[in-house]
Amino acid sequence: MIETTKQVTDSNVISENSIFNLTSKWQTEEDKTIELRDLKGKTLVMVMIYTTCKAACPSLVADMRNIENKIPKENLDGLNFILISIDPKTDTPERLNVLL
């Protein structure tokens, strides 16, 4: 016999081990500063890219668009699509907006 324990958690409390506790600050394509905790509450679809990439990155961006297009519009409010730059010195908000 397997015994299970149901744990009730407060949805406003972030687990100590949660990715949302990372303290780094990120710049958005709108030149706003955010932290991962600001994204809590929605499902995140994330991919890491850089704008000068000529091989895989354009395909990854296209994959993100395809995923978004396949999800019914009424379900998009529960999602955040996140492109994370691995070259933030080059990938300015202006360059990211051209890509998007």
Side-chain angles (χ1 to χ4, degrees):
M1 180 174 167
I2 299 174
E3 186 176 326
T4 60
T5 305
K6 189 181 226 181
Q7 182 178 9
V8 179
T9 59
D10 180 348
S11 63
N12 292 322
V13 176
I14 299 174
S15 163
E16 181 180 308
N17 298 321
S18 172
I19 189 171
F20 294 108
N21 280 327
L22 292 176
T23 58
S24 60
K25 297 192 184 309
W26 297 2
Q27 209 70 23
T28 71
E29 77 281 1
E30 295 147 348
D31 206 23
K32 295 179 183 171
T33 301
I34 64 168
E35 293 182 34
L36 269 178
R37 71 179 66 231
D38 298 328
L39 303 174
K40 182 181 177 281
K42 290 188 175 186
T43 300
L44 305 179
V45 181
M46 302 173 85
V47 67
M48 298 176 95
I49 62 153
Y50 57 101
T51 59
T52 56
C53 168
K54 302 296 182 215
C57 297
S59 290
L60 292 170
V61 172
D63 289 345
M64 292 281 279
R65 286 191 180 118
N66 288 334
I67 291 168
E68 182 178 16
N69 290 334
K70 290 181 180 184
I71 296 172
K73 300 287 183 222
E74 61 271 11
N75 295 337
L76 288 175
D77 284 343
L79 297 173
N80 273 333
F81 291 87
I82 311 291
L83 297 174
I84 300 172
S85 170
I86 56 175
D87 183 10
K89 289 190 192 299
T90 302
D91 295 343
T92 63
E94 295 79 22
R95 285 185 72 106
L96 291 170
N97 276 313
V98 169
L99 183 69
L100 303 175

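Scope of the values below: all heavy atoms of this structure, side chains included, with no hydrogens, waters or symmetry mates.
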Side-chain donor/acceptor pairs under 3.5 Å, residues 55-71, sequence neighbours excluded:
residue: Arg65; atom: NH2; partner: Leu99; partner atom: O; Å: 2.8
residue: Arg65; atom: NH2; partner: Leu100; partner atom: O; Å: 3.2
residue: Asn66; atom: ND2; partner: Ala62; partner atom: O; Å: 3.3
residue: Asn69; atom: ND2; partner: Arg65; partner atom: O; Å: 3.2

## Note on the structure
Sorted by chain and residue number, the side-chain hydrogen bond (donor to acceptor under 3.5 Å, both in side chains) partners of Asn97 (sequence neighbours excluded) come out as none
#### Entry: By side chain to side chain contact (heavy atoms under 4.5 Å, CB included) - contacts of Thr33 (at least two apart)
Lys25, Gln27
### Query
CG of Asp77 to OG1 of Thr43: how many Å apart, nearest 0.5 Å?
12.0 Å
### Query
Could you give the distance from CG (Leu83) to OG1 (Thr51), rounded to the nearest 0.5 Å?
11.0 Å
### Minimum heavy-atom distance Thr90-Arg95, with the two atoms named
O-CD, 2.9 Å
### Query
What heavy-atom pair brings Tyr50 and Asp91 nearest, and what distance separates the two atoms?
CA-OD2, 3.3 Å
#### Entry: Pro93 to Glu29 - nearest heavy-atom pair and separation
CB-O, 3.3 Å
### Query
Is there a side-chain contact between Ile84 and Trp26, using heavy atoms and a 4.5 Å cut-off?
yes
### Query
Do Leu96 and Ile34 belong together in a cluster built from hydrophobic side chains that touch within less than 4.5 Å?
no
### Query
Looking at side-chain heavy atoms only, is the closest gap between Leu76 and Phe81 below 4.5 Å?
yes
